[in-house]
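The structure presented is a predicted model; accordingly, all values stated were derived computationally and were not measured.
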Amino acid sequence: MDELLGEFIAETRETLEPLASEIVAWELAPDDRARLDSIFRFVHTVKGSCGFLDLPRLERLSHAAEGALAEVREGSRRPDKALVSGVLCIIDRIGELVEALAAGEPYPEGGDDALILALEPGNDPDEAAPASAHAQPQPQAGPRAPARSIRLPVELLDRMMAGVSDMVLARNELSRRLRDRGNDGSIDAAFERLSTCVAEMRESITRTRMQRIDGLFSALPRMVRDLSADLAKQVLLAVDGGDVELDREMIEMIRDPLTHIVRNAIDHGIELPAERQAAGKPASGTLRVLARQSGNQILIEVADDGGGIDDERLVQKAIGAGLIARERAATMTRTERLELIFSAGLSTATAVTAISGRGVGMDVVRANVERIGGTVDIDTQPGRGCRLTLRVPMTLTIIPALTFSVGAELFAIPRGAIDEIVRASGGSVVVERVGNSPVARIRGERVPVVALDALLGIDSYIDPARAILVVVRASSGERYALLVDSVQDHEELVVKPAAPAIMATGIYAGTTLPDNGRPMLLINPAGVAHIAGVQAPDASMSAKSDVPEAVIETIPTLLFRAVDGAVRAIRLGLVERIEDVPSTAVANVGGRLRLSHDGRIVPLFGCEAVVPDKYDCVRVLLLGDGSSEIAYAIREVVDIHALSPDCLPASTPGPIAGVLLVGEMQVELIDCFWLFAQAGAGLGAAERPLCLFDRDDPWMRDVLRPIVEQAGYRVAYSGDPDDQAAAVMILSAERESGPPVSHAPVIRLRATADEDHAASGSVYRYDRSGLIAALVAAQGGR
Amino acid sequence: MDSLKLIARIADQEVAIATSLIESVVEVEAITRVPLAAPHIAGLAALRSRVLTIIDTYAALEIGHSPREGILQAVVVTIDHHLYGLLVDEVVDVAAIASEPDLLHAGLSRGWAHAALGLVEHNGKALLELDPARIVAGPAVLAA
C-alpha cells in the first residue's frame, strides 16, 4: 500500500503544478471548456485514487468539486465567480492535504465542510474560503519533503536497455579481441573492472523495468465480484504471489490473457450455487490465482474448483465444427483432446453469454502468450475443476544460454531449460533405436532423443556415438535429449525477437549476437518438442486419473517361451526373422553353440544344448543390430505387446536386462546389447586373444580387467612369460614409455575425458565403448 | 524527396525501390543459415549490434535462388520493427524519378507481379518498382 500511496502523491503533485496555471486561466475565462476539462479530470482522478487508497477526506473534497464541475460541463450551471473560487479552494486544500500525507504529518481536522458548502449554488465562497484560510496555517511555509521518486517514460527505459545491450555486445567483442592478443595483466584487470560495471549496470537497468505483479492482480477482486454478481454465482478469490516481479512490458502482455482466463473460469468453470450443492461441493466456488518465479520464468496459475472441462464434449464440438475428423478423434489422447480448447473457433459454452464465448477464445489467449515466448497449459478433472498455467519469461532481453554446434552451425538454448549434459556413449548412457527414432537410456531412465542435425537438415560432422546429449526440459513439460555435435560455451546472450518468418518455424525463440559477431539462433525447447513430436509425460494427472490411455511411450516387444519353458521378452526392433532350422545346423564349435545359417555361422544363445522338436527342427529368433547377427533359440512365440520402455534393471550385466511387467506377469527382458557383446567373446580360454596390461597400474588390474575379459580377451601382465603372444597392449597415456613388450598394437588410456589435453589417439579410460572399439580396431590391424 | 529511387539489378533486371523505405545498403559476408525457415529467408547477418534477416530476393520473386558467392550487397529496410537485408546483384544508381508508378499490364510472372508496385520511367527505360514489404513477405503462395 505504501508504494501505491507514494505513487499517488507523486502523481498528484505532478498534475497540480501545471494545473496551477490552468486554474488562473480558468478564473479569467470561466467559459473555457478545455480548462474546465483538465480541472475536472484532475479532481476525478484524485477521487478515484482516494477511494481505492482509503483517504475519505480527500475523497469527499474531490467528490464535491467533481459534482459541481460536472453540472457545469452538462450546462445545467453557469461557472460564476463563486463556483470558481470554491473549486480553487478545494484544489488548494487537496494540495495541502497531499503534502501533509507526503510528510507523514497529521493535517488539522475541520474546515472541509465549509469548503464543500461553498460550492452549493447561491452560497458565497468568500464567507467560507477566508474561514479556511484562517483556520489552517499555510503548510507550504514548512520545507517540502523532497521527492523520492521520479516518473519516466517507458520508451526511455527501453532506450537505456538497448544501450546496455549494445554495451554488452561491445564488451564481448573487446573480450574476444583481448583473448586473441594474448595476456596482458594490467589490461585484463581493467577489463575485468569494466565487465563488472557493465554487469551491475545491466542488472540495475533490468530491475528498473521490473514491476510487482500486484498491479495486475489488484484488478481481480473487483472483476470477480462484478462477474459473480452478474452471473448469480458465489466465488471466493484467493490471490497469492503478488510480490513476484516481472518486466513491465510482460505485465501488459499478460493482462488480457489473464483477464480472459479468469472470466472463463467464473463463467464456464464455477457452477451455480445450487448445482454445486447438488454435487456435494460448498456453495461458493474458489478461484485461486497464484504467481511464482521458477528460474527465468514466471508461472501464473488460475485454478477453479468448478465443473472442469468435459473432454468428450470438446471432441464432439470439434467434430461438429469440422476441426477434426471422427477417426482422428477416436485415437486422440486425453492431452490432445484438451489441447482442442486452444483451437480457433471452439467454445464449450452452449450459449453465448455477455461474459465470454464471444468468439475471442482460448486460441487468442495462447497466441498472445506464445508471442512473448510463454506457454499455456491446461489440466482439468471433470467435476473437480480446472487449472490453467501460464508460463512466461521474466524478461525477453538477456538470458543465460548454452551454445552448441551441429555441423557448421551454432545455436543457443536457454540454460534454464537444461537438465544435464551427457556424452551419447558415456558409462551410464546408451542410445538405442526404437523403430526409427533414437531413445537414450540415462542412468536407467529413458529419454527420447531429438537429433537436431536430422530435424534441421544439417550435416553433422561427427559420428552419433561421439555426440553430446543435452537433456532439456521444455517449459511445456516435455523432457528430451537434443543430440548435438559439441557444446561450445555458457554465455549471457542479448536475445531479440526474430523476424516473423523465422518465428513462424516455431523452433526459434529469437536471435542473438554472440562474441564472434555472427548472428545465432536461440532454440525454443518447447517448439522443438512440438515439431519433433516429443510428448510430455502426463505427470499432471494424479494416479487416480480416469484415463488409462494417458500418453505412455511404448516399444513393441515380443514375448516368447524360452527353451527352458519360461516366458521371456525381447524388443521386437532387433528381431529380423523367426525361423525353424534343422537341429543338425547347430554345432558346438569353439566353445559355444553356433548355427550355420544361409552360408554364415552365427552364435546361438538361449540354450545349453539343442532340444529339437518332433520334426528335428529348432526354432530360432534371428537378431541383427545392423552389422552382426546372432540367433536365439526359443520354444514358441507367445505374443507381441506394446510395453513401456521402463524395466527394472538386473543387478549384474548378463543375458537378462531386467524385469518387465506384462499385465500381472513378471517377464525377463533379454539384453540384446549383452548378447551382441558376447557374440564374439565365446572362445575357449586358450583361443582368446591375449591383452597385455601394465603390471604397475593397479587401476587396470582392479577396474579394467573384468571389462576386457568380458569383451573376450585373456588378460596377462607385462613381464608374464607369454607376453610376446599378446594381441594388444593397454597402457596409460600418461606413461611416457611402456615396459618392453612385443610389437603388439598399443591402446593408450587417458585419465581425463577431455580430448584436447590427451595424447592423440588415446581413449578415455571410462569410455567403455571407445575402449571396445579400440580393441576391435587393434585386432583388425593384425 | 519521395521521388528518389534506388536502382538495383536483380537477375539482369533493373528495378527501383523508393529510398524513403531504405535505411542503407550494406555488404554482407557471413550469413547464418536458418534451418526450416521459408525458402526466401536466406539467413541472418550482423549489422553492427543489430541482426539483419537476409532475404533471398530471387526466391521471393520465385525465380530461383540469389547467388551466394563472395561479398553480397543487401538493401536494408525496416518492416514492422524488424531489419531486413534484401539481396541484390548490384546497386546501380540512385535517381530522382518523379513519375508515379504506372499500372502494370499483364505479362509478369507471378513472383514479379506479387512484388511489383508498377512501372516507372528512368533514362528512357521502363523499370519495375518493387515493394520491399512484399518481397519480405515472400512468395505469394506462402503469403496467402
Side-chain angles (χ1 to χ4, degrees), chain A residues 158 161-174 403 405-412 451-460 493-508 510-524 527-528 530-532, chain B residues 23 26-57 59-62 66 68 71-72 74-87 114-115 132-144:
Chain A
D158 286 346
M161 194 72 205
V164 168
S165 300
D166 284 352
M167 206 150 87
V168 171
L169 289 173
R171 188 210 75 96
N172 290 351
E173 170 79 19
L174 187 61
T403 55
S405 69
V406 179
E409 311 292 334
L410 273 178
F411 295 97
L452 258 193
D453 55 337
L455 185 75
L456 302 181
I458 299 172
D459 293 327
S460 165
L493 297 175
V494 178
V495 176
K496 303 206 166 144
I502 295 173
M503 295 308 252
T505 60
I507 62 169
Y508 306 115
T511 63
T512 178
L513 265 181
D515 286 7
N516 64 11
R518 278 199 66 176
M520 189 161 64
L521 288 156
L522 185 76
I523 296 278
N524 167 12
V528 168
H530 185 69
I531 302 271
Chain B
E23 231 167 80
V26 295
E27 294 188 335
V28 179
E29 276 181 81
I31 297 183
T32 304
R33 281 181 52 199
V34 182
L36 302 189
H40 70 288
I41 303 293
L44 303 172
L47 178 62
R48 290 186 298 281
S49 69
R50 299 190 293 174
V51 173
L52 266 183
T53 303
I54 302 293
I55 301 292
D56 184 329
T57 316
L61 296 172
E62 302 183 67
S66 293
R68 298 278 178 86
I71 293 175
L72 306 169
V75 175
V76 179
V77 295
T78 303
I79 290 162
D80 282 343
H81 308 294
H82 289 283
L83 270 187
Y84 295 91
L86 312 180
L87 289 180
H114 174 65
R134 294 193 198 163
I135 298 176
V136 164
V141 260
L142 290 174

Side chain from CB out, backbone as N, CA, C, O: work out which of these in [X] comes under 4.5 Å of a heavy atom of chain B, or both, or neither.
X	answer
Ile507(A)	side chain
Ala408(A)	neither
Ala504(A)	neither

Leu36(B) portion near chain A, given a 4.5 angstrom heavy-atom threshold: both
Name the region of Ile31(B), side chain, backbone, both or neither, that has any atom closer than 4.5 Å to a heavy atom of chain A.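 Backbone of Ile31(B) only, per the 4.5 Å heavy-atom cut-off to chain A.
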Tell me if a side-chain donor or acceptor on [X] pairs with a main-chain N or O of [Y] at a distance below 3.5 Å.
X	Y	result
Arg33(B)	Ala42(B)	no
Thr32(B)	Gly43(B)	no
His114(B)	Leu61(B)	no

All side-chain contact (heavy atoms from CB on, under 4.5 Å) counterparts of Leu455(A), not counting sequence neighbours: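 Result, side-chain contact (heavy atoms from CB on, under 4.5 Å) vs Leu455(A): Val450(A), Leu452(A), Val528(A), Ile531(A), Ala532(A).
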Tell me which of these, Leu83(B), Ile41(B), Val34(B), has more heavy-atom pairs under 4.5 Å with chain A than the rest.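 Of the candidates given, the most pairs with chain A belong to Val34(B).
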Taking side-chain hydrogen bond (donor to acceptor under 3.5 Å, both in side chains) as the test, write out the residues that go with Thr403(A), two or more places apart.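 Testing Thr403(A) for side-chain hydrogen bond (donor to acceptor under 3.5 Å, both in side chains), a comparison that skips the adjacent residues, returns none.
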